[in-house]
There are 2 protein chains.
Amino acid sequence: MSRLDPLPEQAGHASRWPPPFLLYLGNAADDLAAKTARGLAHWRPGWCVGQYRDVDCRATLGLADLDFAQARAAGANTMIVGVANAGGRMDAHMVDHMIAALDAGMNVASGLHERLSAHPRIVAAAERNGRFLFDAREAPKTPVGNGGRRAGRRLLTVGTDCSVGKMYTTLALEQEMHRRGLRADFRATGQTGIFIAGSGIPIDAVVADFISGGIEWLSPARDDGGWDLIEGQGSLFHPSYAGVSLGLLHGAQPDALVLCHEPDRPHMRGLRDYPLPALAACLEANLQAARLTSPEVIVAGVALNTSRLAPEAAARACREVEEALGVPAEDPVTMGVSRIVDRLQASFAG
Amino acid sequence: MSRLDPLPEQAGHASRWPPPFLLYLGNAADDLAAKTARGLAHWRPGWCVGQYRDVDCRATLGLADLDFAQARAAGANTMIVGVANAGGRMDAHMVDHMIAALDAGMNVASGLHERLSAHPRIVAAAERNGRFLFDAREAPKTPVGNGGRRAGRRLLTVGTDCSVGKMYTTLALEQEMHRRGLRADFRATGQTGIFIAGSGIPIDAVVADFISGGIEWLSPARDDGGWDLIEGQGSLFHPSYAGVSLGLLHGAQPDALVLCHEPDRPHMRGLRDYPLPALAACLEANLQAARLTSPEVIVAGVALNTSRLAPEAAARACREVEEALGVPAEDPVTMGVSRIVDRLQASFAG
């Protein structure tokens with residue numbers, strides 16, 4: 001039975017799936033299917049030693065193509081299943097790959113709906129190799145929320161819709177605040193964020209009564225003057241998932257909100273009959289709901305995902321939002337988030 | 001191996017836990033601990049042949065005290081565990097009672113957090129006797145919500161807080177509508193309601209992403225001109241559970257709301273630092289959120305739980321609410337709900 005290398009002292013990182021990582025892309029049909037792996041490669045490049053692509057894979061992260069033995073030889077401690085497929089299922093071929101990675105000496109961590117731990121052959125391979133399995137969508141058990149005021153500063157990203165850039169924005173805020181020497185910690189609420197942060201809670205997978213409690217657990221009181229930057233999920237205006245967004249908002253007890261939005265999106269994600277809410281109405285609904293647990297909450301700014309707009313149109317969209325709402329609006333990808341952080345610093349100085 | 005009597009053709013009733021029932025009170029510390037059994041005895045007296053009380057039981061429903069063999073002889077097909085204790089756990093003594101009930105020839109259904117199916121001895125007893133186990137807090141798997149407009153009329157009870165009488169009010173509305181010859185079906189979202197209705201979904205126990213989807217599943221399109229009367233849970237203003245309430249509101253797609261409230265409650269249930277919301281603000285927040293999936297939603301009335309008020313004070317409280325909000329306000333227990341149903345009929349005539 002082989003043993004893992006001593007674990008790196010990685011602040012906050014789950015000790016059962018330490019980096020460095022091999023990113024498993026399998027037979028990803030396109031780049032979107034490899035979204036989780038892409039997030040890791042973008043935000044934590046130093047943790048990623050290579051990618052594993054199967055014969056029909058149509059995605060790439062531009063990393064070295066390694067097989068399981070090569071990855072282990074290159075220092076990979078954990079293989080991350082960073083791919084989504086229809087239904088989040090593992091076929092027999094994929095199960096064989098999980099086992100081969102364990103036999104090569106890596107831990108395996110997965111963001112799929114289907115649990116690694118549901119496969120007796122994978123569990124047996126982990127046991128015989130002394131390796132660990134981690135299912136990022138398995139929610140930890142926490143108390144229910146209590147709404148008690150807790151110390152520390154917290155910022156939450158909220159959205160007009162799902163998939164408008166809340167995780168990216170939150171990580172960009174962390175990066176910019178670190179650049180300025182501020183204490184700030186990204187708090188992950190989805191599987192990609194959890195892999196990037198090394199910990200977190202898959203908030204859409206907790207039992208319904210525990211949504212706000214899960215966030216109170218994720219982001220407890222802090223007294224070091226630093227900020228918790230909490231990754232938002234969904235939207236108060238998405239008829240499928242708004243309950244998650246409201247519980248998240250109450251549990252986060254945010255001092256500041258950043259509203260994320262994609263201009264010109266034709267309708268709510270997956271729902272042709274539902275138009276996007278107006279920005280001002282969406283912001284007001286979030287502020288109203290947030291005031292239940294955080295009466296003094298402010299808006300730090302708006303993050304626009306302008307990836308489908310030409311540069312001039314993107315700049316114009318930001319200007320229009322700024323004029324309408326009176327807060328900074330910028331695209332975190334192409335413009336950064338410095339003016340949002342300026343406003344945050346000015347609002348909470350001293 | 002004995003066999004159950006042929007199942008009664010009980011409309012909507014789960015065939016795995018058919019009435020008549022023996023209500024198990026165990027060592028309930030007080031009447032509140034026997035809340036589930038009490039709800040059944042009140043709303044479905046014809047289904048309840050007796051109660052089982054252990055030596056330290058401090059609750060009673062006023063039913064015949066029967067042991068397991070006597071209950072079976074009296075026709076009981078299912079024993080309902082209608083008691084809550086600290087933590088919702090079963091001690092060894094209680095496990096022995098479940099087994100004795102199965103050995104006597106009854107099915108066993110439970111509303112406890114702890115699952116019957118988690119006890120190998122209980123499962124074995126069910127198997128050897130050819131009986132069924134039912135855990136009312138085990139949520140069925142459903143699709144996520146899609147917000148699609150569906151046919152039929154739906155009413156939802158909402159609340160300023162938890163435990164203000166939403167289930168009672170919903171059942172009182174069903175009773176009054178049946179009395180008038182209207183088609184109406186109570187749709188249960190909590191364990192007591194599920195036992196009373198014979199089916200339902202424990203909405204606080206579903207995975208967070210499936211709250212609205214669970215309610216769409218519970219209350220599908222109907223085209224017989226009848227009403228679905230959906231039992232609400234929690235409150236948009238309760239920091240622990242508001243996510244459940246919002247998902248329920250969106251999934252219910254309600255044509256009408258009834259707001260439930262207990263006047264003079266000092267603070268939100270379990271949270272001393274949270275006062276109750278003002279009635280008008282609470283109603284407006286519920287209407288605003290409901291309009292996402294049901295733009296024409298109306299308020300049918302307010303149900304006041306005046307059990308802690310003297311009769312004159314109760315009447316005055318109702319008058320004040322009526323004047324402030326312009327809709328009927330009555331206590332379903334002491335005054336009935338006829339004026340609320342009047343308004344419902346007037347609003348949706350023809």
Side-chain angles (χ1 to χ4, degrees), chain A residues 113 137 139 143-149 162 189-190 201-216 233-253 267-268 270-275 277 281-282 284-285 288-294, chain B residues 113 137 139 143-149 162 189-190 201-216 233-253 267-268 270-275 277 281-282 284-285 288-294:
Chain A
H113 273 297
R137 274 193 163 119
V144 297
N146 63 41
R149 274 309 278 174
C162 305
T189 60
I201 188 167
I203 199 65
D204 59 6
V206 304
V207 169
D209 250 2
F210 295 85
I211 304 169
S212 63
I215 302 301
E216 292 181 3
Q233 295 290 339
S235 163
L236 289 184
F237 291 83
H238 197 297
S240 309
Y241 310 117
V244 173
S245 306
L246 183 61
L248 213 168
L249 193 53
H250 286 165
Q253 206 175 92
H267 56 74
M268 295 297 281
L271 302 177
R272 287 176 190 283
D273 293 341
Y274 283 88
C282 181
E284 188 51 36
Q288 265 190 33
R291 286 187 190 117
L292 181 69
T293 59
S294 185
Chain B
H113 272 296
R137 276 195 162 118
V144 296
N146 62 41
R149 274 307 279 174
C162 305
T189 60
I201 188 167
I203 200 63
D204 60 6
V206 305
V207 170
D209 250 2
F210 296 84
I211 304 169
S212 64
I215 302 299
E216 291 180 3
Q233 295 290 340
S235 164
L236 290 183
F237 290 83
H238 198 296
S240 310
Y241 310 117
V244 173
S245 305
L246 182 61
L248 212 168
L249 193 53
H250 286 164
Q253 208 174 93
H267 56 75
M268 296 297 280
L271 303 177
R272 287 177 190 281
D273 293 341
Y274 283 88
C282 181
E284 187 52 35
Q288 265 191 33
R291 287 187 190 115
L292 181 71
T293 60
S294 186

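In what follows, every heavy atom counts, from backbone to side chain, and hydrogens, waters and symmetry copies are set aside. Below, chain A is the first sequence line, B the second, and so on; all start at residue 1.
Annotation for B/Ser240 and A/Ser212: closest pair O-OG, 3.1 Å, computed over non-hydrogen atoms. Closest heavy-atom contact between A/His238 and B/His250: O-ND1, 4.4 Å. Shortest non-hydrogen contact noted between A/Gly147 and B/Pro239 is CA-CB, 4.1 Å.
Of the atoms belonging to B/Ile211, it is side-chain heavy atoms, and not backbone ones, that fall under 4.5 Å from chain A. Contacts of A/Val144 with chain B are made by side-chain atoms alone, with heavy-atom separations under 4.5 Å and no backbone atom involved. Interface remark: A/Phe237 contributes backbone and side-chain atoms alike to the contact with chain B (heavy atom separation under 4.5 Å). Neither the backbone nor the side chain of A/Leu249 comes within contact range of chain B, judged by heavy atoms closer than 4.5 Å. Of the two parts of A/Leu271, only the side chain, counted from C-beta on, holds a non-hydrogen atom closer than 4.5 Å to a non-hydrogen atom of chain B.
Shown here is A/Arg272, whose CZ atom has no more than 12 heavy atoms of other residues, nucleotides or ligands within 6.0 Å.
Ranked by heavy-atom pairs under 4.5 Å with chain B, the list A/Ala208, A/Ala289, A/Gly247 is led by A/Ala208. Between chain A and the options B/Asp209, B/Leu246, B/Leu248, the largest number of non-hydrogen pairs under 4.5 Å is found for B/Asp209.
Two residues are said to be in side-chain contact when any heavy atoms from C-beta on lie closer than 4.5 Å; A/Thr293 and B/Asp273 fail this criterion.
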